[in-house]
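We use all heavy atoms of the structure for the numbers below, so side chains are in, but hydrogens, waters and symmetry mates are not. Numbering of ligands and ligand atoms starts at 1, following listing order.
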Amino acid sequence: IPVDNFDLVIFGGTGDLARRKILPGLFRRFRAGQMPEDARVIAAARSEHDDASYRSEIEAAIKEFGGAESKDRKGLKAFLERLHYVAVDARGDGGWQQLKDLMRDGVVRAFYFSVAPGLFGDLAERLHTHGIADRDSRLVVEKPFGRDLKSARALNATLADHFNEDQIYRIDHYLGKETVQNLMAVRFANVLFEPLWNSHYVDHIQITVAETVGVGGRGSYYDKSGAMRDMVQNHLMQLLCLIAMEPPNQFEADAVRDEKLKVIRALQPIDSHHIVRGQYEASEKTASYREDVENPKSTTESFIALRATIANWRWAGVPFYLRTGKRLKARSSEINVVFKDLGHSIFEGDEARHRNVLTIRLQPNEGIDLQVTIKEPGPGGMRLIDVPLDMTFAQALGDEADDVTDAYERLIMDVIRGNQTLFMRGDEVEAAWAWTDPLIEGWEARHDVPKVYDTGSSGPEDSLMLMHRDGRRWRDIK
Ligand code: BG6
């Protein structure tokens with residue numbers, strides 16, 4: 001079903017995100033028939049382009065990042081005709097009138113700020129002074145949304161000068177991933193899980209987002225951020241919220257976001273011995289973190305593991321172990337809900353020690369499975385084995401680029417539909433920084449130096465100890 005007709009302006013339309021994710025994603029929606037035939041995508045950036053040169057740049061990008069679908073030459077040509085280019089001066093007057101002239105009345109107007117946050121204020125202001133944005137327009141903003149509570153508040157205030165909260169779509173692309181939404185369906189559309197979803201039955205929860213890539217060409221950004229700001233404050237905390245939140249009374253933007261906010265506010269401060277930071281070492285083929293960021297004394301973490309607790313009735317005493325890092329042994333993101341042992345087992349010895357685990361796999365092989373214990377088939381007596389009860393509904397997505405794109409295209413369509421459920425509200429982002437700020441300040445004050453770990457490993461030894469000390473262990477990264 002096509003969404004309403006729209007004009008989408010992408011500020012930063014020549015940037016990396018636009019080329020890798022936003023435009024290939026839109027192309028896929030176009031091919032799927034969801035993007036109306038005459039919808040327009042207007043790239044606005046500094047470089048001098050005309051429509052033709054911009055289209056050929058994006059054609060190349062879609063061929064590179066758009067997966068198998070970019071082989072559809074006819075479809076690609078039709079899509080490229082939807083693209084326009086305007087050179088605008090974010091801090092001056094140049095180009096704004098041309099942009100205004102391109103915009104049509106009577107269609108949804110959406111503005112995607114895929115630029116440095118330092119420009120948000122200038123762009124928002126000019127959109128208004130030139131009469132381009134109005135009360136019905138939508139604004140999409142990318143992470144990083146600030147680098148601490150203070151800067152996030154300032155950004156929220158800047159945007160609030162020109163847009164209302166119900167016009168602002170703060171993207172966290174993890175919320176657009178298929179299984180993340182499935183997680184909500186599994187929790188809230190089944191009678192089976194909710195009765196067990198609490199401290200009486202859940203022993204602990206693990207959230208792992210492991211990557212094999214290093215910091216690549218983003219060294220200068222990354223070295224000022226680190227894994228905590230880059231991944232935990234947004235993606236991992238969003239996952240944690242969806243796992244831990246109370247059932248919202250309906251699947252509606254504010255109802256969902258109110259519940260997520262309560263989780264963030266109930267997160268407890270963490271002692272320093274429950275946080276492990278790491279930095280990857282060089283391997284034969286790849287450079288070390290410090291080499292990658294060209295900062296031989298860097299103390300920024302490319303890995304972090306921590307043990308969080310939530311102070312409310314449902315989760316009292318249940319640890320949430322979070323870890324994420326670059327250059328680990330596999331690209332694998334999953335959430336594991338590990339249930340408690342049975343109070344009493346009728347089976348003896350080793351046969352008694354089995355646990356149910358609900359695994360939500362974000363990537364690769366998106367899916368959900370429940371580890372259950374059954375009798376090993378055969379005549380060998382009562383021997384128990386764990387088998388997965390596979391609940392994979394989504395077809396496994398293709399290559400790595402594809403599943404990221406998938407999240408983006410879904411979210412952009414939600415913007416056009418005016419559905420904010422999968423976007424972060426301003427107060428949520430601020431609350432998340434309010435939790436991470438003291439942790440970051442803590443290690444900065446201690447002059448904490450990250451532990452090194454081997455490229456291709458599961459992270460520093462100390463991160464394994466974080467769980468061993470509690471008599472638990474991480475699930476393998478595979
Ligand atoms: C981004 C981070 O938000 O998410 C990157 O800035 C990270 O550092 C990326 O690599 C991971 O996304 P995905 O979808 O590939 O897991």
* Which of the numbered atoms in ligand 1 are below 4.0 angstrom from a heavy atom of H235? -> 1 (C), 3 (O), 4 (O)
* Asked: Is a salt bridge present between D414 and R410, judged by a nitrogen-to-oxygen distance below 4.0 Å?
  -> no
* To do: Scan T208, D470, N336 and name whichever one has a side chain to side chain donor-acceptor pair (under 3.5 Å) with Y321.
  => D470
* According to the ring-ring contact (aromatic ring centres under 6.0 Å, His included) rule, which pairs have a member within residues 12-31, sequence neighbours left out? -> F27-F79, F30-F79
* Asked: Among E142, K143, R331, whose heavy atom sits nearest atom 15 (O) of ligand 1?
  -> R331
* **Which residues share a side-chain contact (heavy atoms from CB on, under 4.5 Å) with Q167, sequence neighbours left out** => R135, S137, F163, N164
* Structure fact -> Candidates K177, R218, H173; heavy atom nearest atom 5 (C) of ligand 1 found on R218
* Can you list the atoms of ligand 1 that are under 4.0 Å from a heavy atom of Q363? -> 13 (P), 16 (O)
* To do: Look at atom 6 (O) of ligand 1 and find which of V209, D230, V215, T324 reaches it with the closest heavy atom.
  => D230
* Axial cation check for F339 ring with R355, 6.0 Å and 45° limits -> no
* Structure fact -> Counting from 1 in the order shown, the ligand 1 atoms closer than 4.0 Å to a non-hydrogen atom of K326 are 5 (C), 7 (C), 8 (O), 10 (O)
